[in-house]
K.L.:
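I'd like to ask some things about the structure below.
Chain naming here is simple, since letters A, B, ... match the order of the sequence lines and numbering starts at 1 in each.
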2 protein chains.
Amino acid sequence: MVKIVANAHQAALEAASEGARKAASERTFFNIGKAAKASELPVKTVRYYADVGLVEPAARSKAGYRLYDEIDIERLRFIKSARSFDFSVDDCRELLGFYQNDQRSSRDVKQMALKRLTEIDQKMRELEKLRQELARLAHACPGDEHPGCPILGSFARS
Amino acid sequence: MVKIVANAHQAALEAASEGARKAASERTFFNIGKAAKASELPVKTVRYYADVGLVEPAARSKAGYRLYDEIDIERLRFIKSARSFDFSVDDCRELLGFYQNDQRSSRDVKQMALKRLTEIDQKMRELEKLRQELARLAHACPGDEHPGCPILGSFARS
DNA sequence: TATAGAGATTCCAGTTACTGGAGAGTCAAG
DNA sequence: CTTGACTCTCCAGTAACTGGAATCTCTATA
(Lines give C-alpha, C1' and ligand atoms only; values in the text may rest on other atoms or scores of the structure.)
Protein backbone atom coordinates (compact mmCIF):
# COMPACT_ATOMS: atom_id res chain seq x y z
CA MET A 1 0.00 0.00 0.00
CA VAL A 2 1.25 3.45 -0.86
CA LYS A 3 0.33 6.43 1.18
CA ILE A 4 0.68 10.01 0.17
CA VAL A 5 0.73 12.63 2.84
CA ALA A 6 -0.06 16.08 1.68
CA ASN A 7 -1.92 17.44 4.62
CA ALA A 8 -0.13 19.07 7.49
CA HIS A 9 -2.04 17.46 10.30
CA GLN A 10 -1.86 14.07 8.75
CA ALA A 11 1.83 14.49 8.00
CA ALA A 12 2.51 15.34 11.60
CA LEU A 13 0.77 12.19 12.71
CA GLU A 14 2.66 10.11 10.23
CA ALA A 15 5.96 11.66 11.17
CA ALA A 16 5.27 11.17 14.83
CA SER A 17 4.56 7.50 14.49
CA GLU A 18 7.33 7.04 11.98
CA GLY A 19 9.51 4.92 14.22
CA ALA A 20 6.75 2.60 15.29
CA ARG A 21 5.62 1.41 11.93
CA LYS A 22 7.93 0.75 9.15
CA ALA A 23 5.82 -2.20 8.32
CA ALA A 24 7.15 -3.83 5.22
CA SER A 25 4.78 -2.93 2.44
CA GLU A 26 3.76 0.47 3.72
CA ARG A 27 5.35 3.60 2.41
CA THR A 28 4.79 7.18 3.39
CA PHE A 29 5.49 9.99 0.99
CA PHE A 30 5.87 13.65 1.63
CA ASN A 31 5.40 16.33 -0.93
CA ILE A 32 8.02 18.98 -1.30
CA GLY A 33 6.62 21.35 1.28
CA LYS A 34 6.73 18.74 4.01
CA ALA A 35 10.11 17.49 2.95
CA ALA A 36 11.43 21.01 3.06
CA LYS A 37 10.02 21.60 6.51
CA ALA A 38 11.34 18.30 7.78
CA SER A 39 14.82 19.01 6.49
CA GLU A 40 14.71 22.69 7.38
CA LEU A 41 15.54 23.70 3.84
CA PRO A 42 13.70 26.15 1.58
CA VAL A 43 11.38 24.51 -0.92
CA LYS A 44 13.32 26.18 -3.70
CA THR A 45 16.51 24.61 -2.48
CA VAL A 46 15.00 21.15 -2.26
CA ARG A 47 13.77 21.52 -5.80
CA TYR A 48 17.22 22.71 -6.81
CA TYR A 49 18.85 19.68 -5.23
CA ALA A 50 16.48 17.50 -7.22
CA ASP A 51 17.34 19.36 -10.42
CA VAL A 52 21.06 18.86 -9.98
CA GLY A 53 20.58 15.22 -9.06
CA LEU A 54 21.74 15.58 -5.49
CA VAL A 55 18.59 14.33 -3.80
CA GLU A 56 15.94 13.17 -6.18
CA PRO A 57 12.51 12.33 -4.86
CA ALA A 58 11.67 8.67 -4.61
CA ALA A 59 8.61 9.16 -6.78
CA ARG A 60 6.24 11.53 -8.48
CA SER A 61 2.54 11.77 -7.95
CA LYS A 62 0.14 11.38 -10.81
CA ALA A 63 -0.02 15.16 -11.04
CA GLY A 64 3.74 15.41 -11.21
CA TYR A 65 4.37 16.40 -7.60
CA ARG A 66 7.69 15.33 -6.15
CA LEU A 67 7.23 12.65 -3.50
CA TYR A 68 9.92 12.25 -0.87
CA ASP A 69 10.21 9.30 1.45
CA GLU A 70 11.92 9.28 4.82
CA ILE A 71 15.25 8.23 3.39
CA ASP A 72 15.17 11.15 0.99
CA ILE A 73 14.53 13.45 3.90
CA GLU A 74 17.44 11.93 5.75
CA ARG A 75 19.54 12.70 2.70
CA LEU A 76 18.31 16.26 2.62
CA ARG A 77 19.22 16.70 6.25
CA PHE A 78 22.60 15.18 5.60
CA ILE A 79 23.21 17.62 2.78
CA LYS A 80 22.11 20.49 4.92
CA SER A 81 24.69 19.59 7.53
CA ALA A 82 27.45 19.09 5.03
CA ARG A 83 26.62 22.37 3.32
CA SER A 84 26.77 24.13 6.66
CA PHE A 85 30.47 23.28 6.65
CA ASP A 86 30.64 24.89 3.24
CA PHE A 87 31.37 21.70 1.42
CA SER A 88 30.57 22.39 -2.21
CA VAL A 89 27.55 20.76 -3.72
CA ASP A 90 29.87 18.45 -5.61
CA ASP A 91 31.66 17.49 -2.42
CA CYS A 92 28.28 16.93 -0.86
CA ARG A 93 27.40 14.58 -3.65
CA GLU A 94 30.52 12.63 -2.88
CA LEU A 95 29.94 12.65 0.85
CA LEU A 96 26.40 11.48 0.32
CA GLY A 97 27.81 8.69 -1.79
CA PHE A 98 30.03 7.62 1.08
CA TYR A 99 27.14 7.93 3.48
CA GLN A 100 25.05 5.58 1.40
CA ASN A 101 27.84 3.13 0.74
CA ASP A 102 28.58 0.77 3.58
CA GLN A 103 31.70 -0.37 1.76
CA ARG A 104 33.25 3.06 2.29
CA SER A 105 36.42 3.67 4.23
CA SER A 106 36.40 6.36 6.87
CA ARG A 107 39.77 7.29 5.42
CA ASP A 108 38.14 8.79 2.35
CA VAL A 109 35.76 10.85 4.41
CA LYS A 110 38.47 12.04 6.72
CA GLN A 111 40.56 13.06 3.77
CA MET A 112 37.79 15.29 2.50
CA ALA A 113 37.29 16.78 5.92
CA LEU A 114 40.99 17.54 6.25
CA LYS A 115 41.06 19.10 2.82
CA ARG A 116 38.16 21.31 3.75
CA LEU A 117 39.94 22.12 6.97
CA THR A 118 43.04 23.36 5.22
CA GLU A 119 40.86 25.48 2.95
CA ILE A 120 39.24 27.00 5.99
CA ASP A 121 42.62 27.63 7.57
CA GLN A 122 43.85 29.26 4.40
CA LYS A 123 40.79 31.46 4.21
CA MET A 124 41.19 32.46 7.82
CA ARG A 125 44.79 33.43 7.31
CA GLU A 126 43.79 35.61 4.40
CA LEU A 127 41.01 37.24 6.34
CA GLU A 128 43.29 37.83 9.28
CA LYS A 129 45.76 39.62 7.06
CA LEU A 130 43.00 41.75 5.58
CA ARG A 131 41.58 42.49 8.98
CA GLN A 132 44.89 43.64 10.38
CA GLU A 133 45.71 45.88 7.49
CA LEU A 134 42.25 47.35 7.27
CA ALA A 135 42.13 47.90 11.01
CA ARG A 136 45.44 49.67 10.84
CA LEU A 137 44.17 51.96 8.10
CA ALA A 138 40.87 52.61 9.83
CA HIS A 139 42.67 53.38 13.05
CA ALA A 140 44.88 55.88 11.29
CA CYS A 141 41.91 57.61 9.70
CA PRO A 142 40.67 60.59 11.68
CA GLY A 143 37.08 60.03 10.61
CA ASP A 144 36.25 63.70 10.65
CA GLU A 145 34.87 66.20 8.17
CA HIS A 146 38.20 66.77 6.48
CA PRO A 147 39.19 65.05 3.25
CA GLY A 148 42.58 63.78 4.38
CA CYS A 149 42.31 60.00 4.61
CA PRO A 150 45.06 57.41 4.90
CA ILE A 151 42.71 54.70 3.66
CA LEU A 152 42.21 56.36 0.31
CA GLY A 153 45.86 57.29 0.34
CA SER A 154 46.85 53.70 0.75
CA PHE A 155 44.55 52.52 -2.00
CA ALA A 156 45.94 55.13 -4.33
CA ARG A 157 49.52 54.28 -3.58
CA SER A 158 49.55 50.52 -3.56
CA MET B 1 52.03 68.73 -27.56
CA VAL B 2 49.96 65.66 -27.53
CA LYS B 3 51.64 62.34 -27.18
CA ILE B 4 49.99 59.11 -28.08
CA VAL B 5 51.16 55.70 -27.15
CA ALA B 6 50.15 52.35 -28.47
CA ASN B 7 48.74 52.97 -31.87
CA ALA B 8 46.26 55.63 -31.05
CA HIS B 9 46.84 58.36 -33.52
CA GLN B 10 43.29 59.56 -33.52
CA ALA B 11 43.12 59.94 -29.79
CA ALA B 12 44.33 63.48 -29.83
CA LEU B 13 41.41 64.66 -31.86
CA GLU B 14 38.87 62.84 -29.78
CA ALA B 15 40.37 63.92 -26.52
CA ALA B 16 40.57 67.50 -27.64
CA SER B 17 36.96 67.55 -28.65
CA GLU B 18 36.05 66.09 -25.30
CA GLY B 19 37.44 69.12 -23.56
CA ALA B 20 40.73 69.53 -21.84
CA ARG B 21 40.97 67.94 -18.45
CA LYS B 22 44.68 68.28 -18.28
CA ALA B 23 45.97 71.73 -19.00
CA ALA B 24 46.21 71.85 -22.71
CA SER B 25 49.60 70.33 -23.24
CA GLU B 26 50.72 66.73 -22.99
CA ARG B 27 48.55 63.73 -22.97
CA THR B 28 49.55 60.13 -23.19
CA PHE B 29 47.12 57.38 -23.95
CA PHE B 30 47.42 53.70 -23.34
CA ASN B 31 45.39 51.03 -24.96
CA ILE B 32 43.82 48.39 -22.82
CA GLY B 33 46.78 46.04 -22.85
CA LYS B 34 49.13 48.67 -21.46
CA ALA B 35 46.57 49.90 -19.00
CA ALA B 36 46.05 46.37 -17.79
CA LYS B 37 49.75 45.81 -17.38
CA ALA B 38 50.21 49.11 -15.62
CA SER B 39 47.42 48.40 -13.17
CA GLU B 40 48.27 44.72 -12.84
CA LEU B 41 44.78 43.69 -13.78
CA PRO B 42 43.70 41.23 -16.46
CA VAL B 43 42.58 42.85 -19.70
CA LYS B 44 39.22 41.17 -19.30
CA THR B 45 38.78 42.75 -15.94
CA VAL B 46 39.67 46.21 -17.15
CA ARG B 47 37.12 45.82 -19.90
CA TYR B 48 34.62 44.63 -17.36
CA TYR B 49 35.20 47.66 -15.17
CA ALA B 50 34.56 49.82 -18.19
CA ASP B 51 31.37 47.93 -18.96
CA VAL B 52 29.97 48.43 -15.48
CA GLY B 53 30.97 52.08 -15.47
CA LEU B 54 33.58 51.74 -12.77
CA VAL B 55 36.55 53.02 -14.75
CA GLU B 56 35.71 54.19 -18.21
CA PRO B 57 38.50 55.01 -20.60
CA ALA B 58 39.10 58.67 -21.24
CA ALA B 59 38.64 58.18 -24.96
CA ARG B 60 38.25 55.78 -27.82
CA SER B 61 40.40 55.58 -30.89
CA LYS B 62 38.87 55.87 -34.32
CA ALA B 63 38.90 52.11 -34.54
CA GLY B 64 37.05 51.86 -31.25
CA TYR B 65 39.97 50.94 -29.03
CA ARG B 66 39.67 52.01 -25.42
CA LEU B 67 42.22 54.69 -24.58
CA TYR B 68 43.25 55.10 -20.98
CA ASP B 69 45.15 58.05 -19.63
CA GLU B 70 47.27 58.11 -16.50
CA ILE B 71 44.42 59.15 -14.29
CA ASP B 72 42.38 56.22 -15.49
CA ILE B 73 45.25 53.93 -14.65
CA GLU B 74 45.48 55.47 -11.22
CA ARG B 75 41.80 54.67 -10.82
CA LEU B 76 42.34 51.10 -11.93
CA ARG B 77 45.10 50.70 -9.41
CA PHE B 78 42.90 52.22 -6.74
CA ILE B 79 40.16 49.75 -7.57
CA LYS B 80 42.59 46.91 -7.48
CA SER B 81 43.65 47.84 -3.97
CA ALA B 82 40.12 48.32 -2.74
CA ARG B 83 39.05 45.02 -4.26
CA SER B 84 41.93 43.29 -2.53
CA PHE B 85 40.13 44.13 0.71
CA ASP B 86 37.08 42.48 -0.77
CA PHE B 87 35.11 45.65 -0.99
CA SER B 88 32.30 44.91 -3.42
CA VAL B 89 32.41 46.54 -6.81
CA ASP B 90 29.62 48.84 -5.68
CA ASP B 91 31.57 49.82 -2.60
CA CYS B 92 34.56 50.42 -4.82
CA ARG B 93 32.49 52.73 -6.94
CA GLU B 94 31.64 54.68 -3.84
CA LEU B 95 35.20 54.70 -2.57
CA LEU B 96 36.41 55.87 -5.94
CA GLY B 97 33.83 58.63 -5.74
CA PHE B 98 35.28 59.73 -2.44
CA TYR B 99 38.78 59.46 -3.81
CA GLN B 100 37.92 61.78 -6.64
CA ASN B 101 35.97 64.22 -4.53
CA ASP B 102 38.07 66.62 -2.52
CA GLN B 103 34.97 67.73 -0.68
CA ARG B 104 34.76 64.31 0.94
CA SER B 105 34.94 63.70 4.67
CA SER B 106 37.29 61.05 5.92
CA ARG B 107 34.41 60.10 8.19
CA ASP B 108 32.53 58.56 5.28
CA VAL B 109 35.50 56.54 4.21
CA LYS B 110 36.25 55.39 7.71
CA GLN B 111 32.66 54.32 8.11
CA MET B 112 32.91 52.08 5.10
CA ALA B 113 36.15 50.63 6.32
CA LEU B 114 34.68 49.87 9.71
CA LYS B 115 31.65 48.28 8.15
CA ARG B 116 33.88 46.07 6.06
CA LEU B 117 35.87 45.31 9.17
CA THR B 118 32.85 44.06 11.08
CA GLU B 119 31.94 41.91 8.10
CA ILE B 120 35.39 40.41 8.15
CA ASP B 121 35.18 39.84 11.88
CA GLN B 122 31.82 38.18 11.47
CA LYS B 123 33.14 35.94 8.73
CA MET B 124 36.14 35.01 10.81
CA ARG B 125 33.99 34.06 13.75
CA GLU B 126 31.91 31.83 11.50
CA LEU B 127 34.96 30.22 10.01
CA GLU B 128 36.46 29.69 13.43
CA LYS B 129 33.35 27.88 14.56
CA LEU B 130 33.38 25.72 11.46
CA ARG B 131 37.03 24.99 11.85
CA GLN B 132 36.68 23.90 15.45
CA GLU B 133 33.75 21.64 14.81
CA LEU B 134 35.21 20.13 11.68
CA ALA B 135 38.57 19.62 13.37
CA ARG B 136 36.83 17.87 16.23
CA LEU B 137 35.03 15.54 13.83
CA ALA B 138 38.12 14.86 11.77
CA HIS B 139 40.08 14.14 14.90
CA ALA B 140 37.47 11.66 16.03
CA CYS B 141 37.51 9.88 12.69
CA PRO B 142 39.84 6.90 12.58
CA GLY B 143 40.60 7.41 8.91
CA ASP B 144 41.05 3.74 8.26
CA GLU B 145 39.55 1.21 5.89
CA HIS B 146 36.45 0.65 8.01
CA PRO B 147 33.14 2.36 7.30
CA GLY B 148 32.52 3.70 10.80
CA CYS B 149 32.86 7.47 10.64
CA PRO B 150 31.80 10.10 13.15
CA ILE B 151 31.83 12.76 10.46
CA LEU B 152 29.13 11.07 8.44
CA GLY B 153 27.42 10.18 11.66
CA SER B 154 27.30 13.78 12.70
CA PHE B 155 25.97 14.91 9.34
CA ALA B 156 23.27 12.30 9.49
CA ARG B 157 22.22 13.18 12.99
CA SER B 158 22.22 16.95 12.97
C1' DT C 1 -20.65 21.35 -5.73
C1' DA C 2 -18.47 25.59 -6.58
C1' DT C 3 -14.74 28.07 -5.25
C1' DA C 4 -10.98 30.23 -2.77
C1' DG C 5 -6.52 29.69 -1.22
C1' DA C 6 -2.55 27.16 -0.44
C1' DG C 7 0.79 24.73 -2.56
C1' DA C 8 2.71 22.45 -6.53
C1' DT C 9 4.75 22.52 -11.42
C1' DT C 10 8.08 24.41 -15.14
C1' DC C 11 10.80 27.86 -17.06
C1' DC C 12 13.35 32.12 -17.12
C1' DA C 13 16.07 35.70 -15.13
C1' DG C 14 19.08 37.69 -11.74
C1' DT C 15 22.70 37.53 -8.24
C1' DT C 16 28.75 38.49 -7.97
C1' DA C 17 32.71 39.50 -10.32
C1' DC C 18 34.58 37.99 -13.42
C1' DT C 19 36.47 34.46 -17.20
C1' DG C 20 36.61 31.97 -21.64
C1' DG C 21 35.73 31.78 -26.33
C1' DA C 22 34.00 32.85 -31.09
C1' DG C 23 34.23 35.70 -34.99
C1' DA C 24 35.82 39.82 -36.83
C1' DG C 25 38.39 44.09 -37.20
C1' DT C 26 43.10 46.80 -36.46
C1' DC C 27 47.92 47.70 -36.20
C1' DA C 28 53.01 47.39 -36.78
C1' DA C 29 56.70 44.82 -38.58
C1' DG C 30 59.07 42.19 -42.05
C1' DC D 1 51.08 41.55 -48.42
C1' DT D 2 51.05 38.69 -44.89
C1' DT D 3 51.60 37.42 -40.26
C1' DG D 4 50.89 37.68 -35.55
C1' DA D 5 49.67 40.25 -31.73
C1' DC D 6 45.99 43.10 -30.08
C1' DT D 7 41.50 44.69 -29.80
C1' DC D 8 36.51 44.79 -30.47
C1' DT D 9 31.59 42.97 -29.27
C1' DC D 10 28.60 39.55 -27.85
C1' DC D 11 27.35 35.28 -25.62
C1' DA D 12 27.83 31.72 -22.22
C1' DG D 13 29.31 29.80 -17.99
C1' DT D 14 30.70 29.87 -13.10
C1' DA D 15 28.12 28.50 -7.60
C1' DA D 16 24.32 27.87 -5.33
C1' DC D 17 20.68 29.36 -5.05
C1' DT D 18 16.50 32.89 -5.16
C1' DG D 19 12.55 35.43 -7.09
C1' DG D 20 8.84 35.63 -10.08
C1' DA D 21 5.39 34.52 -13.79
C1' DA D 22 2.03 31.58 -15.68
C1' DT D 23 -0.23 27.52 -14.94
C1' DC D 24 -1.99 23.36 -12.58
C1' DT D 25 -3.68 20.55 -8.37
C1' DC D 26 -5.46 19.70 -3.99
C1' DT D 27 -8.40 20.48 -0.09
C1' DA D 28 -11.42 22.82 3.09
C1' DT D 29 -15.34 25.32 3.48
C1' DA D 30 -19.84 27.76 2.24
Side-chain angles (χ1 to χ4, degrees), chain A residues 3-12 29-57 59-68 76 79-80 82-96 116 119 123, chain B residues 4-11 14 29-57 59-68 76 79-96 116 119 123:
Chain A
K3 264 186 139 165
I4 299 175
V5 176
N7 163 284
H9 179 59
Q10 198 181 349
F29 286 112
F30 303 87
N31 60 19
I32 200 167
K34 309 297 166 203
K37 202 153 285 180
S39 58
E40 303 178 273
L41 285 168
V43 168
K44 276 276 187 186
T45 301
V46 175
R47 205 173 276 131
Y48 172 74
Y49 288 161
D51 285 348
V52 298
L54 192 52
V55 179
E56 279 164 295
R60 290 272 185 159
S61 78
K62 218 172 200 167
Y65 284 21
R66 289 171 184 80
L67 298 176
Y68 292 87
L76 288 171
I79 296 299
K80 197 201 171 187
R83 286 286 301 135
S84 78
F85 284 94
D86 272 344
F87 281 102
S88 72
V89 162
D90 274 352
D91 282 353
C92 286
R93 206 188 311 274
E94 203 172 337
L95 287 168
L96 188 58
R116 180 78 199 101
E119 288 168 8
K123 188 72 186 170
Chain B
I4 298 164
V5 157
N7 328 328
H9 296 288
Q10 304 304 320
E14 311 214 353
F29 286 108
F30 304 86
N31 61 18
I32 200 168
K34 312 287 174 204
K37 203 154 284 179
S39 57
E40 302 179 273
L41 285 168
V43 168
K44 277 276 188 185
T45 301
V46 175
R47 205 173 277 130
Y48 172 73
Y49 289 161
D51 286 348
V52 299
L54 192 51
V55 178
E56 278 164 298
R60 291 271 186 156
S61 77
K62 208 171 195 174
Y65 284 22
R66 290 172 184 80
L67 299 175
Y68 293 86
L76 288 171
I79 296 299
K80 196 199 172 190
S81 291
R83 285 286 301 137
S84 77
F85 284 94
D86 273 345
F87 281 103
S88 71
V89 163
D90 274 352
D91 282 352
C92 285
R93 206 189 309 274
E94 204 171 337
L95 287 168
L96 188 59
R116 181 79 198 98
E119 288 168 8
K123 187 72 186 171

K.L.:
Do any side-chain nitrogens or oxygens of A:Arg66 fall under 4.0 Å of OP1 or OP2 in C:dA8?
P.N.:
no
K.L.:
D:dC26 P sits how many Å from A:Lys34 NZ, rounded?
P.N.:
15 Å
K.L.:
Hey, could you give me the OH/CD distance between A:Tyr68 and A:Glu56, rounded to the nearest 0.5 Å?
P.N.:
9.0 Å
K.L.:
Looking at D:dT25, I'd like to know if its phosphate oxygens (OP1 or OP2) sit under 4.0 Å from a side-chain N or O belonging to A:Arg60.
P.N.:
no
K.L.:
State whether the side chain of B:Arg93 and the backbone N or O of B:Val52 hold a donor-acceptor pair below 3.5 Å, judged by distance alone.
P.N.:
yes
K.L.:
Base, backbone or nothing for each nucleotide of nucleotides 11-25 of chain C, written B, S, -, heavy atoms under 4.0 angstrom, 5' to 3'?
P.N.:
------BBSBB---B
K.L.:
Pick from A:Val55, A:Leu41, A:Leu54: which one makes a side-chain contact (heavy atoms from CB on, under 4.5 Å) with A:Val46?
P.N.:
A:Leu41
K.L.:
What's the separation between atom SG in B:Cys92 and atom CG in B:Asp86, rounded to the nearest 0.5 Å?
P.N.:
9.5 Å
K.L.:
Do the side chains of B:Arg83 and B:Val89 get nearer than 4.5 Å, heavy atoms only?
P.N.:
yes
K.L.:
If only side-chain N and O atoms of A:Arg93 are considered, is one of them under 4.0 Å from the OP1 or OP2 phosphate oxygen of D:dA15?
P.N.:
no
K.L.:
Check ring pair (Phe, Tyr, Trp, His ring centres under 6.0 Å) between B:Phe87 and all other residues, then give those that pass, not counting sequence neighbours.
P.N.:
none
K.L.:
In whole angstrom, what separates A:Leu41's CG from D:dC17's P?
P.N.:
8 Å
K.L.:
Expressed in angstrom and rounded to an integer, what is the separation of B:Ile32 atom CD1 from D:dA5 atom C1'?
P.N.:
15 Å
K.L.:
Find the distance B:Phe30:CZ to D:dC6:P and express it as a whole number of Å.
P.N.:
17 Å
